[in-house]
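Attaching a single structure in structure tokens format; questions to follow.
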Amino acid sequence: MRRLAHISDLHFGREDPALVRELLADLRRLEPSLVAVSGDLTQRARRRQFLSARAFLERIPCPKIVVPGNHDIPLYNPVRRFLLPLHRWRRYIAADMDPVYVDAEMAVLGVNTARSLAFVNGRISDRQIALLRFRLCSIPEHIFKIVVTHHPFIPPPIPPYSIVGRAAKALTVLEECGVDLLLAGHYHVGYSDDIRSHHESVRSRILVSQASTLSTRLRREPAAYNVYTIAPPNLTLTVRAWNGKRFVTADTSHYKEIKKTWSRIEDSQARHEKGIESSPPLGKKRRK
Ligand SMILES: [Fe+2]
Ligand SMILES: [Fe+2]
């Protein structure tokens, strides 16, 4: 069993100090196996914001994997934006922007989707797709495989609709290599669904899960982060939301892989695991 915390869009420069303090306390209590951070660590990629982000990351008491977001590239300085887009990221956060974490039960691969020319949108390069194939396909089948990006593979329920560039091409590799879960942020909205809700050509089950923001840049929902309890074929998603004083459990969803499909199961079924009658597979009700 593994416990993974997924935090996103902290936007240092637009942070709430009390929230950041309680987030660290919540993570300490939770003791996750790993924390995945899916980009937009800063508001405007300024040196001081990166220093705050680094100080925060250093206080997370467990391994972590971190990828950049579009806000981690300078917006207003054209020299920095186009010639040194992630220079400060490399200097203050991490040299490797496509990081890898692997243990006996779980593999988590980060992919940098932030691009100077794409501005708010993101993209995966052909080189990154080839690297994903090389790395993922060499990991044994029984290990639960997760890919972390800033830009999502499926759009949010409410427009604007935009997904990471070359998503379809990347998905052929993710499917071939048996990826189980895709994590991202960017829209500051939490939502989860089967990849086939938006990509009908994909045949394998891949669960997509988006984390909300942990900054003050809210979009119609409170700041929150996600916790995944991974015990194949079961997966539990717990949303920890900020209530102004502390983080509390706002929602819990149980998923089970049944006949190569992620199905959401009821609380009682998850507890007892007897005679499971699944709800309709994910992705069947969603409209493109
Ligand atoms: Fe963001
Ligand atoms: Fe973003």
Side-chain angles (χ1 to χ4, degrees), residues 5-17 19-20 23 35-46 48-54 56-57 64-77 80-82 85-90 92-94 97-99 110-125 128 147-167 170 182-192 198 208-226 239-242:
H6 174 205
I7 65 178
S8 196
D9 295 77
L10 288 117
H11 287 274
F12 277 94
R14 289 285 302 274
E15 78 275 27
D16 173 350
L19 180 153
V20 172
L23 173 62
V35 174
V37 189
S38 58
D40 279 0
L41 267 179
T42 68
Q43 174 62 12
R44 284 288 166 238
R46 300 195 197 287
R48 190 179 307 168
Q49 295 167 0
F50 273 120
L51 285 170
S52 298
R54 184 169 75 179
F56 165 78
L57 292 173
K64 48 210 165 269
I65 202 163
V66 194
V67 296
N70 51 298
H71 275 260
D72 300 316
I73 293 177
L75 181 60
Y76 299 120
N77 181 329
R80 280 201 170 273
R81 177 165 188 86
F82 296 106
L86 285 162
H87 173 75
R88 284 179 176 150
W89 178 278
R90 284 196 186 87
Y92 295 114
I93 304 301
M97 288 176 290
D98 297 314
V111 180
N112 167 29
T113 57
R115 299 289 187 274
S116 302
L117 291 173
F119 287 90
V120 72
N121 297 316
R123 192 174 300 149
I124 299 178
S125 69
Q128 287 173 306
V147 170
V148 183
T149 57
H150 177 64
H151 297 86
F153 279 83
I154 64 175
I158 300 172
Y161 289 165
S162 174
I163 59 173
V164 64
R166 295 200 182 93
L182 298 176
L183 306 181
H186 185 54
Y187 282 117
H188 300 198
V189 177
Y191 56 98
S192 299
H198 191 74
V208 181
S209 188
Q210 299 287 133
S212 187
T213 183
L214 287 163
S215 72
T216 57
R217 303 182 77 230
L218 303 177
R219 304 274 188 272
R220 299 180 289 268
E221 62 183 48
Y225 74 101
N226 295 340
V239 179
R240 298 283 290 168
W242 174 242

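Counting starts at 1 for both ligands and their atoms, following the listed order.
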Could you please tell me which protein N, O or S atoms lie under 2.8 Å from the Fe ion (ligand 1)? D9 OD2, H11 NE2, D40 OD2, H188 NE2
Does D16 have any salt bridge (charged side-chain N to carboxylate O under 4.0 Å, His left out) partners at least two apart in sequence or in another chain, and if so, which? none
Test your reading of the model: is there a side-chain donor-acceptor pair from Y92 to the backbone of S52, 3.5 Å cut-off? no
Listed partners of R217 passing side chain to side chain contact (heavy atoms under 4.5 Å, CB included), at least two apart: H11, R14, Q43, H71, H188, S215, R219
So do L57 and I93 actually touch side chain to side chain, heavy atoms under 4.5 Å? yes
For the backbone of L41 and the side chain of D72, can you confirm whether one donor and one acceptor N or O come within less than 3.5 Å of each other? yes
F56: what forms a ring pair (Phe, Tyr, Trp, His ring centres under 6.0 Å) with it, not counting sequence neighbours? F12
